2 protein chains.
Amino acid sequence: MDRRPVTLEEVARIAGVSRATVSRVVNGVATVDRELRQVVEKAISTTGYTPNRAARSLVTRRAGAIGLVLPEEGRTVHDPYFGRVVSGVLPVIRPLGVQLVLTTGDHREVVDDIRQHRLDGVILIHTHGADPLPRQLIEANLPVVLAARPVRPMSITYVDVDQAAGAALAADHLVASGCRRLATITGPLETPAGQDRLRGFRDAVARHGLPEAVVVEGDFSREGGAAAARRLVDLDVDGLFVASDLMATGALPVLRNGGRRVPEDVKVVGFDDSSPAVECDPPLTTVRQPVEDMAAEMARLLVERVERPDRPVSSVVFAPTLVVRRSS
Amino acid sequence: MDRRPVTLEEVARIAGVSRATVSRVVNGVATVDRELRQVVEKAISTTGYTPNRAARSLVTRRAGAIGLVLPEEGRTVHDPYFGRVVSGVLPVIRPLGVQLVLTTGDHREVVDDIRQHRLDGVILIHTHGADPLPRQLIEANLPVVLAARPVRPMSITYVDVDQAAGAALAADHLVASGCRRLATITGPLETPAGQDRLRGFRDAVARHGLPEAVVVEGDFSREGGAAAARRLVDLDVDGLFVASDLMATGALPVLRNGGRRVPEDVKVVGFDDSSPAVECDPPLTTVRQPVEDMAAEMARLLVERVERPDRPVSSVVFAPTLVVRRSS
DNA sequence: CTGAAAGCGCTTACAG
DNA sequence: CTGAAAGCGCTTACAG
């Protein structure tokens with residue numbers, strides 16, 4: 001605070017070399033003479049030198065920071081998913097000396113942050129179909145990674161879980177548990193996740209030679225889950241796949257109040273493995289996304305893109321797993 | 001990305017003034033002639049100029065960023081509390097052009113980040129008694145704000161809720177609801193929150209002229225709440241204050257399985273108003289901290305401290321409120 | 001392999 | 001009120 005930090009200049013003076021040489025040692029440039037390197041390293045450690053990032057940024061044109069963009073509503077921050085993303089990203093970028101900056105989804109701000117060299121690129125989570133930000137960033141040729149497959153096909157890097165495979169996991173598990181009369185509460189069918197989970201479930205049911213599942217559209221909310229369950233509770237269904245845990249926590253009390261015991265009368269499988277899945281009664285069997293691993297991959301892809309903007313765009317799809325609990 | 005961003009230099013050339021003048025306009029220095037200001041503003045908007053932050057940082061010695069330090073375990077990130085802090089901080093610092101950087105509690109890294117001018121100061125959440133970081137930062141005279149009263153008294157800025165007042169709120173509510181035989185499951189008694197909530201509860205019980213409450217120490221975990229509840233379930237208690245919602249979610253099933261109905265036989269009040277409080281059965285009456293407001297205040301205090309390091313240290317304590325739900 | 005020098009894009013005394 | 005100039009602390013061609 002009070003005393004000025006040590007500069008490259010001082011280290012150079014102490015080591016008896018030029019600033020350029022100290023800079024090379026700091027940045028690990030290989031062409032420095034062994035002995036000289038050691039002298040410099042000694043000077044660095046005795047002075048406790050640590051480079052001024054602003055100065056470096058100014059010449060390298062790199063912020064050394066990436067942004068995690070939150071939807072503007074801000075609701076998402078409370079979502080445990082957000083925490084899992086953060087804990088996946090941090091271990092990847094920290095060793096690289098890259099900072100993680102939290103920003104909201106205001107378009108101007110995000111674009112400005114990148115243009116001002118305050119951010120080298122951004123990770124977008126929870127974007128919806130109408131969100132123009134991904135396309136804007138792409139068109140401005142700014143480094144960006146999406147946390148899910150975009151609603152409309154576009155040339156953008158994303159990391160996702162194989163949604164259809166997750167739904168198939170749920171179907172296979174229900175069938176293996178003896179269920180024959182299946183139903184599903186879907187997500188909103190205009191979202192890729194909503195579509196893919198329905199498709200994966202349906203296909204798996206067909207593969208097992210069972211009659212078509214009853215389908216009720218939901219909206220990923222607790223209330224939506226409850227509403228959908230009310231339309232199912234009097235049907236003769238013995239296996240239910242709910243496309244999100246949150247909807248399932250809405251559906252469970254409706255089933256119970258309707259006299260359908262879980263899992264005795266109807267087995268239930270959710271999706272996400274979020275905290276409500278553990279807290280509800282009975283705890284939910286659910287499809288788990290490897291969110292931390294996915295987030296780590298997003299960070300890696302983004303850093304890669306920042307360093308080599310000319311490389312071809314590629315995306316990564318992870319496999320989900322099934323977590324079995326008492327609801328099935 | 002491709003085309004270089006506009007610089008102050010270019011704006012100056014277009015406006016026909018010096019760089020200094022443009023800089024003054026950008027920074028809102030009052031002494032610029034009206035007409036000149038307008039010419040400059042026009043040039044800024046036609047060029048879409050936006051200042052390079054690294055260059056500014058280099059000369060002002062301000063990073064324009066503050067850090068939110070997470071405990072190293074990383075567990076905290078999943079805590080909804082964290083999300084509430086973020087959504088409280090962001091609206092305060094965004095208009096100031098200050099970034100929020102997420103970092104882990106590694107001491108060297110935090111101190112380095114500040115010394116490198118990558119961070120102007122930090123907000124520390126979830127520090128525990130043994131954590132040397134707060135003291136280190138204070139001794140290095142670096143701007144820091146704690147999210148709670150420090151375990152040992154020290155000259156540091158913190159924002160907290162009045163814990164004892166919250167516990168008293170719980171006691172008053174239980175008594176007003178007709179409870180006479182009270183008990184409490186405390187937090188760990190080596191923490192300030194654990195101590196203060198117990199003290200506040202006890203004092204309020206005494207104030208009502210009731211016999212001393214039964215006290216069982218917990219540890220703020222769900223399992224700890226369940227374990228503590230086992231020691232209470234056969235006691236003749238009709239009002240229970242649990243010092244955290246998470247512990248309460250552990251205690252509830254134990255009470256139910258022990259034949260104690262909530263709220264008919266025993267009324268239960270938690271603390272935190274976290275998501276488990278809403279999700280458990282029955283939903284919990286609980287003491288709510290205004291976390292977003294507290295976080296906003298932390299941000300304000302930190303920014304203030306960065307700008308005027310010489311001002312006396314002051315802290316802020318907020319009043320809690322009671323949220324009544326079905327458990328009481 | 002090493003150093004002198006230019007330059008990154010700003011802000012801010014200092015004159016006028 | 002305005003401008004010329006110095007300087008913030010680095011990196012990186014360019015010579016040698």
Side-chain angles (χ1 to χ4, degrees), chain A residues 3-41 43-44 47-65 97 112-118 120 307, chain B residues 3-41 43-44 47-65 97 112-118 120 307:
Chain A
R3 65 186 182 291
R4 256 181 155 73
V6 184
T7 67
L8 206 62
E9 179 80 49
E10 289 166 61
V11 176
R13 191 162 38 69
I14 291 174
V17 299
S18 70
R19 303 207 308 276
T21 297
V22 178
S23 174
R24 288 183 188 112
V25 171
V26 169
N27 292 295
V29 174
T31 63
V32 180
D33 178 82
R34 268 185 64 94
E35 282 189 30
L36 218 50
R37 171 183 302 277
Q38 287 177 354
V39 176
V40 172
E41 275 165 354
I44 288 174
T47 54
Y49 169 72
T50 161
N52 179 312
R53 303 300 296 244
R56 177 180 288 177
S57 269
L58 184 55
V59 24
T60 61
R61 301 170 174 286
R62 283 284 159 70
D112 272 5
D113 272 347
I114 299 185
R115 291 185 51 219
Q116 291 180 166
H117 293 291
R118 300 193 79 183
D120 293 322
E307 274 164 14
Chain B
R3 62 185 183 291
R4 259 180 152 74
V6 184
T7 68
L8 205 62
E9 179 79 51
E10 289 166 60
V11 176
R13 190 162 39 71
I14 290 174
V17 300
S18 71
R19 301 206 309 274
T21 299
V22 179
S23 175
R24 289 184 187 111
V25 171
V26 169
N27 292 296
V29 174
T31 62
V32 180
D33 178 81
R34 266 187 63 95
E35 283 190 31
L36 218 49
R37 172 184 301 279
Q38 286 176 354
V39 176
V40 172
E41 275 165 354
I44 288 174
T47 55
Y49 170 73
T50 161
N52 179 314
R53 304 299 297 245
R56 176 180 289 176
S57 269
L58 184 56
V59 23
T60 60
R61 299 171 175 287
R62 284 282 160 71
D112 273 4
D113 271 347
I114 299 185
R115 292 185 48 219
Q116 292 179 165
H117 293 293
R118 302 194 78 183
D120 293 322
E307 273 164 16

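Being a predicted model, the structure only gives us computed values, none of them experimental. Within every chain, numbering begins at 1; the chains are lettered A, B, ... in the order of the sequence lines, protein sequences first and strands thereafter.
Counting to the nearest Å, the P atom of D:dT11 and the CD atom of A:Glu9 are 13 Å from each other. Separating the CG atom of B:Leu36 from the P atom of D:dC1 is a distance of 11 Å, rounded to the nearest angstrom. The distance between atom CG of B:Leu8 and atom C1' of C:dG7, rounded to the nearest whole Å, is 16 Å. Distance CZ (B:Arg24) to C1' (C:dC10): 13 Å, rounded to an integer number of Å. One can place CZ of A:Arg53 at 16 Å from P of D:dG9, the figure rounded to the nearest angstrom. If you measure from atom CZ of A:Arg19 to atom C1' of C:dA6, you get 10 Å, rounded to the nearest angstrom. Nucleotide C:dC10 holds its P atom 10 Å from the NE2 atom of A:His117, rounded to whole Å. Rounding to whole angstrom units, CG of residue A:Leu58 and P of C:dA6 are separated by 17 Å.
A distance-only check finds no donor-acceptor pair linking the side chain of B:Thr21 to the backbone of B:Val17 [under 3.5 Å]. The backbone N or O of B:Arg56 lies less than 3.5 Å from a partner atom in the side chain of B:Thr60, making a donor-acceptor pair. With hydrogens and angles disregarded, no donor-acceptor distance shorter than 3.5 Å links the side chain of A:Ser57 to the backbone of B:Ala54. Put simply, the side chain of B:Asp113 never gets that close to the backbone of B:Arg118: no donor and acceptor are under 3.5 Å apart.
With DNA chain D read from its 5' end, the first of the two nearest nucleotides for B:Ala20 and B:Val59 is the one closest to B:Ala20.
The side chain of A:Asn27 lies closest to D:dT11 when the candidates are C:dC10, D:dT11, D:dT12. When distances run from any side-chain atom of B:Asp33 to the nucleotides D:dT2, D:dA13, C:dT11, the shortest one goes to D:dT2. Proximity note for A:Arg56 (side chain, C-beta onward) versus C:dT2, D:dT11, C:dC8: the nearest is D:dT11.
In this structure, C:dC14 forms a base pair with D:dG3, meeting either the Watson-Crick or the G-U wobble geometry with both donor-acceptor distances under 3.5 Å.
Residues B:Arg62 and B:His117 have side chains not in contact (no heavy-atom distance under 4.5 Å, counting atoms from C-beta outward).
Between C:dG3 and A:Thr21, a contact under 4.0 Å exists linking OP1 or OP2 to a side-chain N or O. OP1 or OP2 of D:dT11 sits under 4.0 Å from a side-chain N or O of A:Ser23. One finds no side-chain N or O of B:Arg37 lying less than 4.0 angstrom from the OP1 or OP2 phosphate oxygen of D:dC1.
At a threshold of 4.0 angstrom between heavy atoms, the contacts of B:Val17 are confined to the sugar-phosphate backbone, with no base atom among them.
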